[in-house]
Amino acid sequence: MATYTQDQHKRNCVTVTHSDGSAITVYEQGAHLTSWSVPTPTGPREVLYLSPTATYKERVALRGGVPLIFPSIR
């Protein structure tokens with residue numbers, strides 16, 4: 001299931017949740033994967049690192065996570 005939201009800094013993101021409880025969050029700006037959590041017996045465990053000092057402003061890259069890059073073949 002996909003949920004489109006804005007974070008507390010008003011940046012658009014989508015969270016996709018699998019039926020097994022795992023989830024990812026991707027920001028529109030920069031197509032940046034910022035969260036990947038997997039289910040454990042004690043609750044979800046975050047797999048990716050995102051700096052606690054990440055800046056959430058328009059036109060500023062996020063620090064940490066994974067940028068999603070697709071090849072452009074012409």
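As the structure is a prediction and not an experimental result, all values here were calculated from the model. Positions are given from 1 along the sequence.
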Side-chain heavy atoms nearer than 4.5 Å, only ILVMFWY residues, links allowed to pass through others: does that put Val38 and Met1 together?
no
Less than 4.5 Å apart, side chain to side chain, heavy atoms only: is that true for Leu48 and Leu33?
yes
Residues that Thr34 engages under side-chain hydrogen bond (donor to acceptor under 3.5 Å, both in side chains), provided they are two or more places apart:
none
side-chain hydrogen bond (donor to acceptor under 3.5 Å, both in side chains) involving Thr3 - partner list, sequence neighbours excluded:
none
Test side-chain hydrogen bond (donor to acceptor under 3.5 Å, both in side chains) applied to Ser19 - qualifying residues, sequence neighbours left out
none
Got a second to check how far Thr5's OG1 is from Arg11's CZ, nearest 0.5 Å?
12.5 Å
Please identify each residue that fulfils side-chain hydrogen bond (donor to acceptor under 3.5 Å, both in side chains) with Ser37, with sequence neighbours left out.
none
Restricting to side-chain contact (heavy atoms from CB on, under 4.5 Å), what partner residues turn up for Val16, sequence neighbours left out?
Ala2, Val14, Ile24
Can you list everything that forms a side-chain contact (heavy atoms from CB on, under 4.5 Å) with Asn12? Sequence neighbours excluded, please.
Gln6, Glu28
Apply the test side-chain contact (heavy atoms from CB on, under 4.5 Å) to residues Tyr27 and Asp7: give CA-CA distance (whole Å), side-chain angles for both, the deciding distance (0.1 Å), then the verdict.
CA-CA 9 Å; Tyr27 277 79; Asp7 67 8; 2.7 Å; yes
Heavy atoms, side chains only, cut-off 4.5 Å: are Ser22 and Pro39 in contact?
yes
